[in-house]
Amino acid sequence: MSADASEPRDLDNGFAYWTTRGFWAIVDQALFAVSNLIINVLLARWLSPREYGAFVTAYVVLLLVSVAHLGLLVEPMMVLGPSRFGRGREFRDYFSFLLRFQWAFGAAVAAAFLVLGGVTYAFGADLLGGTFAGLALAAPFIFLSWLTRRACYVERQPSIAALGGGVNLLIAGAGAVLLYQFGVLTSVAAQLLMGAAAIVSSGVILKRLGHPWFPTLPAIETHSLLREHWNFFRWTGSAGVLSFAQGLVF
């Protein structure tokens, strides 16, 4: 076959390759947005104003903390992952480092939310205190699901991210309906439901990518990576806080 004949076929294959991945990326983002929309609409309709207010307040605090999560883990991974580690064994070692970092970050966030819940409960906001306690259990897994979804893009497998998004939507939506039907849907139950959906969707993604939940210490220099991630956060964190304040401070 001549070079002129093979060139159009290469172009067609490349176009199909990126079109397919673009399609799955759009599906993933749509599922993620629809999942959040459906949960918020259902909770707004089915919870009392006081319960829904506690849920929204706790969730907004979660979004504020997510600025640190994005700046310390997700955004550096999206930059360093493709440019330095690529795919294969090197990225597996890097992602093992990120998972260990993720568990440490999640434990710190859970402890902070427990303390915050205890303080608000002590000052008489018992409902909000209980909601923060529920969020303390759910937050590490919610952040884990966000990290694993983005890892699919580094691995160039957005279809797996879309699969995780579909699982999350199914569990969160069906779970909210069931909890409401049994009369046990509360702001605390809603937080725990989000955590359960995140656990299952993260498990599906990690299994499909071939990564363990609790990886061993990777054979890479972790101290220098921690410094790089921290330096990355130093200039992205302030921008993230300003973005949060612009849209959600009210």
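Small disclaimer: the values here were computed from a predicted structure and weren't measured. Side chains are part of it too, since the values below use all heavy atoms of this structure and drop only hydrogens, waters and symmetry mates.
Inter-residue side-chain proximity for L226 and F101 is flagged as met; some heavy-atom pair is nearer than 4.5 Å. Residues P212 and L206 fail the side-chain proximity criterion, which asks for heavy atoms closer than 4.5 Å. No side-chain heavy atom of F132 sits under 4.5 Å from any side-chain heavy atom of L114. Side-chain contact between F55 and V188 is absent, with no heavy atoms from C-beta onward closer than 4.5 Å. Side-chain contact check for I160 versus Q157: some heavy-atom pair is nearer than 4.5 Å. Using a 4.5 Å heavy-atom cutoff, the side chains of F141 and M194 are not in contact. Taking the side chain as every heavy atom from C-beta outward, C152 and L209 approach each other to under 4.5 Å. Contact annotation: the side chain of F113 never approaches that of L137 to less than 4.5 Å [non-hydrogen atoms, C-beta and beyond].
Residues satisfying the side chain to side chain contact (heavy atoms under 4.5 Å, CB included) test with V79, not counting sequence neighbours, are F232. F123 is linked by a ring pair (Phe, Tyr, Trp, His ring centres under 6.0 Å) to nothing, counting only residues two or more places apart in sequence or in another chain. Q102 pairs by the side-chain hydrogen bond (donor to acceptor under 3.5 Å, both in side chains) definition with H69, not counting sequence neighbours. Applying the side-chain hydrogen bond (donor to acceptor under 3.5 Å, both in side chains) rule to T131 yields the partners S187; only residues at least two apart in sequence or on another chain are considered. A search for side-chain hydrogen bond (donor to acceptor under 3.5 Å, both in side chains) contacts involving T148 returns nothing, not counting sequence neighbours. When the salt bridge (Lys or Arg N to Asp or Glu O under 4.0 Å) test is applied to R50, the partners found at least two apart in sequence or on another chain are D126. In this structure W230 satisfies the ring pair (Phe, Tyr, Trp, His ring centres under 6.0 Å) test together with F233, sequence neighbours excluded. Checked against side-chain hydrogen bond (donor to acceptor under 3.5 Å, both in side chains), Y94 has the following partners two or more places apart in sequence or in another chain: H229. Residues forming a ring pair (Phe, Tyr, Trp, His ring centres under 6.0 Å) with Y180 (at least two apart in sequence, or on another chain): W46.
Note: I205 CD1 to L163 CG = 7.5 Å, rounded to the nearest 0.5 Å. From L179, atom CG reaches atom CG of L42 across 11.0 Å, with rounding to the nearest 0.5 Å. Note that the CD atom of E75 and the CG atom of L80 stand 11.5 Å from one another [nearest 0.5 Å]. From L147, atom CG reaches atom CG of L99 across 6.0 Å, with rounding to the nearest 0.5 Å. With rounding to the nearest 0.5 Å, the separation of OG1 in T57 from CG in L135 is 11.5 Å. Taking OG of S35 as the reference point, atom CG of N40 lies at 9.5 Å (rounded to 0.5 Å).
Between V27 and A162, the shortest heavy-atom contact is CG1-CB, 4.0 Å. Shortest non-hydrogen contact noted between A176 and L185 is O-CD2, 4.1 Å. Between I171 and L193, the closest heavy-atom pair is O-CD1, 3.8 Å. The two residues I39 and A172 make their nearest non-hydrogen contact at CD1-O, 3.3 Å. Contact between S96 and P215 at its shortest, heavy atoms only, is O-CG, 3.5 Å.
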Walk me through it: do L43 and V56 pass the test side-chain contact (heavy atoms from CB on, under 4.5 Å)? CA-CA 10 Å; L43 294 179; V56 171; over 6 Å; no
I'd like to know whether F32 forms a side-chain contact (heavy atoms from CB on, under 4.5 Å) with W146, so could you lay out the CA-CA distance, the side-chain angles of the two residues, the decisive distance to 0.1 Å, and finally the verdict. CA-CA 10 Å; F32 185 74; W146 294 353; 3.6 Å; yes
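Using a distance-only test at 3.5 Å, with no hydrogens or angles considered, a donor-acceptor pair links the side chain of R92 to the main chain of G210. T120 places a side-chain N or O within donor-acceptor distance of the main-chain N or O of G117, the cut-off being under 3.5 Å. In terms of modelled atom types and a separation under 3.5 Å, the side chain of N168 and the main chain of G164 share no donor-acceptor contact.
No chain of hydrophobic side-chain contacts below 4.5 Å, direct or via other Ile, Leu, Val, Met, Phe, Trp or Tyr residues, connects Y59 to V41. One hydrophobic cluster, built from ILVMFWY side chains closer than 4.5 Å, holds both M78 and F97. Hydrophobic clustering of Ile, Leu, Val, Met, Phe, Trp and Tyr side chains at less than 4.5 Å, counting indirect connections, keeps V119 apart from V61. Placement of L62 and Y52 within a single hydrophobic cluster is found when ILVMFWY residues are connected by side-chain heavy-atom separations under 4.5 Å, directly or transitively. Both I142 and L70 are part of a single hydrophobic cluster, where members link through side-chain heavy atoms under 4.5 Å apart.
The 12-atom threshold is exceeded at CZ of F214, counting heavy atoms of other residues, nucleotides or ligands nearer than 6.0 Å.
The salt bridge (Lys or Arg N to Asp or Glu O under 4.0 Å) contacts involving residues 142-152 comprise D28-R149, where partners must be two or more places apart or lie in separate chains. Residue pairs meeting the side-chain hydrogen bond (donor to acceptor under 3.5 Å, both in side chains) criterion with at least one partner in residues 198-214, sequence neighbours excluded, are E155-H211. Sorted by first and then second residue, the salt bridge (Lys or Arg N to Asp or Glu O under 4.0 Å) pairs with a member in residues 103-120 form an empty list; sequence neighbours excluded.
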